[in-house]
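Let me begin by presenting the structure, written as structure tokens, before commenting on it.
Any value given below was found using the heavy atoms of this structure, including those in side chains, with hydrogens, waters and symmetry copies removed. Order of listing sets the numbers, starting from 1, for every ligand and every atom in it. Bear in mind the structure is a predicted one, so any value in this text is a computation, not a measurement.
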Amino acid sequence: MDKINLKGMTIKEIKDFIEQNKEKSFRAEQIFEWICKGVSNFDLMTNLPKDLRLMLKQKAYIGELQIVKKKADRDKTVKYLFLLEDKNVVESVFMKYGYGNSVCLSSQVGCKMGCVFCASTIGGCIRNLKKWEIFDQLIQIQNDLGEKHRITHLVIMGSGEPLENYNEVIGALRLIHEGKNISFRRMTLSTCGIIPGIERLARENLPITLSVSLHAPTDELRNRLMPINKIYPISPLIKACKYYINITKRRITFEYALIKGINDSPKEARLLAKILKNLLCHVNLININPVKERGFEQPDKKSVQTFKKILEKEGINVTLRRKLGIGIDAGCGQLRRRYLD
Ligand code: SF4
């Protein structure tokens with residue numbers, strides 16, 4: 001008989017499992033607490049009776065990702081590469097901000113979306129991550145760094161398109177909320193613009209932040225940078241974003257990675273302002289992490305400031321994302337690439 005993996009189960013699901021095995025249901029909360037603390041050995045669950053531990057050892061296990069690489073940068077960004085049970089690898093990043101500590105988690109092994117500035121997509125999408133594998137990235141990082149670096153925020157912005165793995169991602173967010181006490185308002189899900197997923201998320205009734213990677217103000221340019229635009233072009237995408245805002249009353253973040261000579265001119269800034277005018281939104285300008293394989297460079301400081309000012313003049317809320325971990329391959333998918341090369 002195959003053992004059942006308890007990591008990834010809610011308290012209610014663990015309750016059902018132990019009740020079926022004639023154990024008292026209140027034990028489920030204790031087991032869940034141990035799992036969330038990163039304990040995977042039943043013998044260490046000292047508040048459980050011996051018989052229960054024995055039953056658990058016979059019928060269940062607690063899955064764990066293994067840290068195979070860890071790189072820390074001077075700005076206290078820490079990048080992790082995790083080995084999965086099937087020998088695939090995914091990466092996650094820990095970042096320190098003024099408002100707290102955040103982790104960036106992966107949702108798939110690789111990605112099939114083909115964004116040209118992204119290293120994660122180079123080998124395509126291998127598979128979706130299970131909700132426990134998404135949850136465990138956070139557990140392992142928290143355990144590795146200790147409570148002194150308590151994780152307060154998270155973004156699903158590592159490798160993968162989260163809305164292509166909808167159920168597992170939403171399941172993981174609910175588990176993290178239940179098990180690690182991180183409020184939904186401190187969670188961000190980043191998409192390249194999967195319209196049906198955005199509409200579904202609008203109806204999910206989860207007060208998380210939606211972040212949409214736009215990166216270009218015209219279909220012609222966006223088709224070149226993000227092939228998903230051929231399926232979900234800008235106009236219907238913005239319509240879906242309006243639907244999301246109407247239902248959730250929440251502000252959307254638009255990500256715009258500035259690439260030298262490609263999408264960073266004042267003309268593009270004006271076009272972007274036109275698209276986003278009067279939308280309840282925020283624009284995050286990102287100085288792109290150079291991707292060796294693609295030959296993209298960062299724009300100079302002056303063009304970044306000009307771009308920002310044009311948006312601000314049109315009343316659009318803009319921030320320039322603090323560039324973290326550039327020295328440690330913190331661009332999406334880059335550590336994994338180096339490991340695979
Ligand atoms: S940027 Fe995101 S959606 Fe685009 S290829 Fe990379 S991981 Fe996929």
Closer than 2.8 Å to atom 8 (Fe) of ligand 1: does that hold for any N, O or S atom in C111? yes
Quick test of your reading of the structure: of S107, C118, G110, whose heavy atom lies closest to atom 6 (Fe) of ligand 1? C118
For K12, check side chain to side chain contact (heavy atoms under 4.5 Å, CB included) against everything at least two apart and list the hits. T10, D16
Ligand 1 atoms in contact with G160 (distance to a heavy atom under 4.0 Å): 7 (S)
Mind checking what makes side-chain hydrogen bond (donor to acceptor under 3.5 Å, both in side chains) contact with K57, not counting sequence neighbours? D43
Whether R200 engages the ring of Y166 as a cation-pi pair (distance to the six-membered ring centre under 6.0 angstrom, angle to the ring normal within 45°) should be assessed. yes
Output, in order, the C-alpha distance, side-chain angles, deciding distance and verdict of side-chain hydrogen bond (donor to acceptor under 3.5 Å, both in side chains) for E168 and N128. CA-CA 8 Å; E168 299 298 318; N128 283 336; over 6 Å; no
